[in-house]
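Have a look at the structure below before the remarks.
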Amino acid sequence: MTTGSTVTVGITPIAWTGGRLRLLDQTRLPGEQVWLEFDDYREVAAAIREMRVRGAPAIGVAAAYGMSLAARQSRATDMPALLHDLDVAMETLGATRPTAVNLFWALRRMRAVAESATMTEDARARLHVEAIAIHAQDVAGNRQMGQFGATLIPDGAAILTHCNAGALATGGYGSALGVIRAAHGAGNNVRVYADETRPLLQGARLTAWELVHDGIPTTLIADTMAGSLMRRGLITCALVGADRIAANGDVANKIGTYQVAVLAHENGLPFYVAAPTSTFDLSLPTGDDIPIEERAGDEVTHFAGVRTAPVGIMVANHAFDVTPAMYVTAIITERGIAYPPYSTSLAKLVEG
Ligand code: MRU
C-alpha cells in the first residue's frame, strides 16, 4: 500500500486507475484527503477492517476489486489452482467485517465469474470487468434509488440521518444521502440533521463533510438530541442506510439506529431506510440472525486518540443494531419502494 494526496476525483471513495485500486482514506476525513493505493488484496482486507473504506456497499465494491487483485497476484496457470487462490482471498476478505452482507454478496458474485472461465487469463480479465461492473451498478442503483426516494420527501422536509450512508459509504452518490441529493437537486428545500454517530463519528466527520460539500443545509447534532428535536417538531422524518436487511424487513445498521427508529415511532414520524437490494439477506428470516460486529474497546474509551475513560473499565462496543421491521415505514431500493408486510414486498422486489 502506498499513500498519495489528490482531490481529483471528488466524492468517490473508490477508484481503479493505472492498474491499481485507490481508496480515499476515510479515517483521515474531514481533515485530510489522502488516497491509498493497493496492489495486494491482503492490504485491501486490512483497509476494510480498519474502516479506511466503510459503509456496506463500498465494502462490497472494495472487496470485488480485492478479488480482481488476488487473481492478478496469483501465479496459478490452471483453473483449479487459481480457484484455490481465490478461495484463500475470499476467506481473508470475508473475515474483515461480519455485518454488511454486501461484502459476501460481492465475493460470491466474483467467485461465480471466476468459475465460469475455462482459462486463467480469461478469468483474470473477467474478474476485472466484473469488479468494475459491480462498482458502476452500485452508483447507477444509488441514482435510481434517489429518484424513487425523493418522491417520499415533501418540500421543506427536515430529515434526521444517522451514520454515513452517502457517496463515501457506496460506490458513489449514496443511498440515504442519495435520496437527499435527489430531493435537493429537484428543488426541494430539504434540510438535514446529522447525528454525530458515536463512537467513530461517521456523521460528524463524513456525512457533514459530504453535505457541506454539496451545499445542502445541514445541522450537526449530538446523537442524544434526536428525541428532543423530534418532540419539538423540528424533524419531519428519519432516513438511514442499512448493512443487512432480513426477509421480514428487520434492518441492521449503525449502532444507535434502533433508538432513532423508536423515537420516530413515538413521535409519529416516518422512518425510512434506503439500501440497494445487494443489502438484502433473504436467507435470514429475521434480524435476530444477523451477525453483529463487536469492535475494540478503545474506540469507546478514547476520543480522537485521547483516553476519556479510566483504565480498567469494561466496555461494550457493538458496531450495529437491529431495528425491528415494525418501526420501518418503507424501504427504498434501486428497484422501487417496499412497504409492509416486508415478508412479501422484499421478495417481490428481488424476483423483479
Ligand atoms: O461501520 P460503518 O461506518 O461501515 O457503518 C456504516 C453504516 O452503518 C451505514 O449506515 C450502512 O453501511 C449503509 S451505507 C450506504
Side-chain angles (χ1 to χ4, degrees), residues 11-14 23-27 29 47-63 96-106 135 138-139 141-143 145-146 149 159-181 194-210 223 238-245 251-261 271-281 287 290-296 299-300 317-323 328 331-334:
I11 300 186
T12 306
I14 303 170
L23 299 175
L24 181 58
D25 186 346
Q26 298 191 34
T27 64
L29 289 171
I48 295 172
R49 196 176 316 107
E50 293 160 8
M51 294 176 64
R52 299 185 190 282
V53 59
R54 36 66 50 201
I59 291 170
V61 172
T96 52
R97 299 199 67 194
T99 305
V101 78
N102 307 62
L103 169 62
F104 308 100
W105 169 87
H135 189 176
D138 186 63
V139 178
N142 288 339
R143 289 191 176 273
M145 203 184 301
I159 304 174
L160 176 77
T161 192
H162 189 73
C163 194
N164 172 263
L168 293 168
T170 61
Y173 198 68
S175 55
L177 295 196
V179 171
I180 291 168
R181 285 195 164 97
D195 275 352
E196 62 173 350
T197 316
R198 278 284 287 152
L200 294 182
L201 302 181
Q202 289 92 330
R205 294 188 304 106
L206 309 177
T207 294
W209 183 70
E210 285 197 31
D223 299 335
L239 171 60
V240 299
D243 281 78
R244 198 184 288 229
I245 300 176
V251 173
N253 192 49
K254 178 54 53 193
I255 193 75
T257 302
Y258 172 48
Q259 292 172 197
V260 171
F271 176 86
Y272 299 122
V273 174
T277 49
S278 54
T279 302
F280 290 6
D281 185 352
I290 296 175
I292 299 296
E293 177 182 8
E294 294 187 32
R295 294 185 60 86
E299 292 180 352
V300 179
N317 187 13
H318 299 183
F320 300 95
D321 59 28
V322 175
T323 296
V328 180
I331 298 177
I332 305 154
T333 79
E334 79 284 13

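Indexing begins at 1, ligand by ligand and atom by atom, following the structure's order.
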With a 4.5 Å cut-off on side-chain heavy atoms, are [Y] and [X] touching?
| X | Y | result |
| --- | --- | --- |
| Leu24 | Leu29 | yes |
| Ser278 | Glu334 | no |
| Thr323 | Phe271 | yes |
| Val101 | Ile290 | no |
| Ser175 | Pro57 | no |

Quick check: does [X] get an N/O under 3.5 Å from an N/O on ligand 1?
| X | result |
| --- | --- |
| Gly55 | yes |
| Ala165 | no |
| Lys254 | yes |
| Asp243 | yes |

Test of understanding: given a 4.0 Å heavy-atom threshold, classify the contact between [X] and ligand 1 as side chain, backbone, both, or neither.
| X | answer |
| --- | --- |
| His162 | neither |
| Cys163 | side chain |
| Gln202 | side chain |
| Ala242 | backbone |
| Thr257 | neither |
| Ser175 | side chain |

Close-contact set for ligand 1 against [X] heavy atoms, below 4.0 Å:
| X | value |
| --- | --- |
| Arg97 | 1 (O), 2 (P), 4 (O) |
| Phe320 | 1 (O), 5 (O), 8 (O) |
| Met51 | 1 (O), 2 (P), 3 (O) |
| Ala169 | 14 (S), 15 (C) |
| Thr170 | 15 (C) |
| Ala56 | 12 (O), 14 (S) |

If you round to the nearest 0.5 Å, how far is [atom2] of [Y] from [atom1] of [X]?
| X | Y | atom1 | atom2 | answer |
| --- | --- | --- | --- | --- |
| Asn102 | Thr277 | CG | OG1 | 9.5 Å |
| Lys254 | Thr161 | NZ | OG1 | 13.0 Å |
| Leu206 | Leu168 | CG | CG | 5.5 Å |

Please verify whether a non-hydrogen atom of Asn164 lies at under 4.0 Å from ligand 1.
yes
If you measure only the distance, is there a donor-acceptor pair under 3.5 Å linking the side chains of Asn164 and Arg205?
no
Query - Salt-bridge contact Arg244-Asp281 (side-chain N to carboxylate O under 4.0 Å) - result: yes
Atom 10 (O) of ligand 1: closest protein heavy atom, distance to 0.1 Å, is Asn253 OD1, 2.6 Å
In this structure, atom 6 (C) of ligand 1 is nearest to the protein heavy atom Arg54 NH2, 3.5 Å
The side chain to side chain donor-acceptor pair (under 3.5 Å) partners of Glu294 (sequence neighbours excluded) come to none
inquiry  = Would Asp195 and Thr197 count as a side chain to side chain donor-acceptor pair (under 3.5 Å) here? Give the steps.
reply    = CA-CA 5 Å; Asp195 275 352; Thr197 316; 5.5 Å; no
